[in-house]
Number of protein chains: 2
Amino acid sequence: MAADGFELNAFLPYRLNRAAEFVALRFAAQYKARYQLTRPEWRTLAALGSTRRPMTATEVGAHSAMHKTKVSRAVSALEERRWLTRNENEGDRRLEHLQLTKAGLRAYVELTALAANYQAELDALVGAAGMQALTAGLEAIERAIGKVEKPRREG
Amino acid sequence: MAADGFELNAFLPYRLNRAAEFVALRFAAQYKARYQLTRPEWRTLAALGSTRRPMTATEVGAHSAMHKTKVSRAVSALEERRWLTRNENEGDRRLEHLQLTKAGLRAYVELTALAANYQAELDALVGAAGMQALTAGLEAIERAIGKVEKPRREG
DNA sequence: AATCGATAGTTACGATTGCAACTAATATGC
DNA sequence: GCATATTAGTTGCAATCGTAACTATCGATT
């Protein structure tokens, strides 16, 4: 309760970042230790695995809110591991369709098992009511993102 | 809807990060342009300004979920700008109490005006119901953080 | 079809980051 | 009271990141 009436603890960017950071770190430790995956790599793998159809790098970026250079580097790393392949698009050769290989899909499935465990842990920690509220709130933000969705550079 | 039953879009770390990134970037652009502040610097300033009492670097880190090296560097930068001073603690000389200077406080007040505007913008975008749900959900997470609060390294 | 603008993706480079190791001080066990 | 562990904060260094600039391709205008 500052004298000027601004309440940092109610400021959404600050709060969201705090929560996101906390929640992400605990999970990152797991896939980092077991698979030597970086965060952008996991997120790219997850995006591709979850849709189960080829996506372009731009689509991956939009899905996961990552900068295009992050995506580009993550894709290269995953390709080198032979967890994904690039397929040129006929008709528009600027695009490449990214697709998980068998090995990539296998890794994805293993990682989602970890993720599901972690989600259950979070459910227990946060409680059903809290998780439901959070889900509703995040949906509201996601709708809002759809309305704006212009700024593409990170900072 | 993946065949193995894992739903990435319902996975809390992924969702939270997406929302936090989106919301933070739009605000970061503002204080970066006007004050050449980095994110850790703004967050340190905000933590110190909001409590209106001296805090140690460790407390700042806990308050804002930042790694201690980030805090250390942000504190040095703010000190060089003469926006804060360090005061040695009597009794335990490992600690230093960080305190905003007049100039630092002035900057904080100016920035909270920007922050309040941005919060109003978000309120309008997300809607009252969504914001209320989000607040409830984030509170649940914050309570959960309090329960665990062990892992201190970032990844 | 030539030009201009927009888009997909990559990369060089400077800035930022996190890990690990460090200094300095305090706390604990014996 | 001495050795050892722990904690606060800093720093060297390698890795990662974002910006801006780049290549390559496509679409639109004329």
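Below, chain A is the first sequence line, B the second, and so on; all start at residue 1. Here the structure is a predicted model, which means the values were calculated and not measured.
The CG atom of A/L37 sits 16 Å away from the C1' atom of D/dA15 (whole-angstrom rounding). Straight-line distance from the CG atom of A/L25 to the C1' atom of C/dT17: 13 Å, rounded to whole Å. Going from atom NE2 of B/H67 over to atom P of C/dT16 covers 18 Å, rounded to whole Å. The NZ atom of B/K32 sits 11 Å away from the C1' atom of C/dT16 (whole-angstrom rounding). Nucleotide C/dT10 holds its P atom 12 Å from the CG atom of A/L78, rounded to whole Å. To the nearest angstrom, P of D/dT10 lies 13 Å from CD of B/E88.
Salt-bridge formation is not detected for the pair B/R15/B/E21: no Lys NZ or Arg NE/NH1/NH2 atom is positioned less than 4.0 Å from an Asp or Glu carboxylate oxygen. Using a 4.0 Å cut-off between a side-chain N of Lys or Arg and a carboxylate O of Asp or Glu, A/E121 and A/R26 qualify as a salt bridge.
Going from atom OG1 of A/T38 over to atom NZ of A/K32 covers 9.0 Å, rounded to the nearest 0.5 Å.
Under a 3.5 Å cut-off, the side chain of A/R18 and the backbone N or O of B/A62 do form a donor-acceptor pair.
Dashed line: the shortest gap from a side-chain N or O of A/K70 to OP1 or OP2 of D/dG18 is under 4.0 Å.
Nearest-nucleotide assignment on DNA chain D puts the 5′-proximal partner with A/T69, out of A/R93 and A/T69. Place B/R73 and B/G91 on DNA chain C by their nearest nucleotides, and B/R73 ends up nearer the 5' end.
No side-chain donor from either of B/H97 and B/N87 sits under 3.5 Å from a side-chain acceptor of the other. Between the side chains of B/Y35 and B/E110, at least one donor N or O sits under 3.5 Å from an acceptor N or O.
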Exercise for the section: List the protein contact pattern of nucleotides 2-9 of chain D with one symbol per nucleotide (5' to 3'): B for base contact, S for sugar-phosphate-only contact, - for none; contact means a heavy-atom distance under 4.0 Å. Expected result: ----BBSB
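Side-chain atoms of B/T38 lie closest to C/dT16 of the nucleotides C/dT16, C/dA20, D/dT25.
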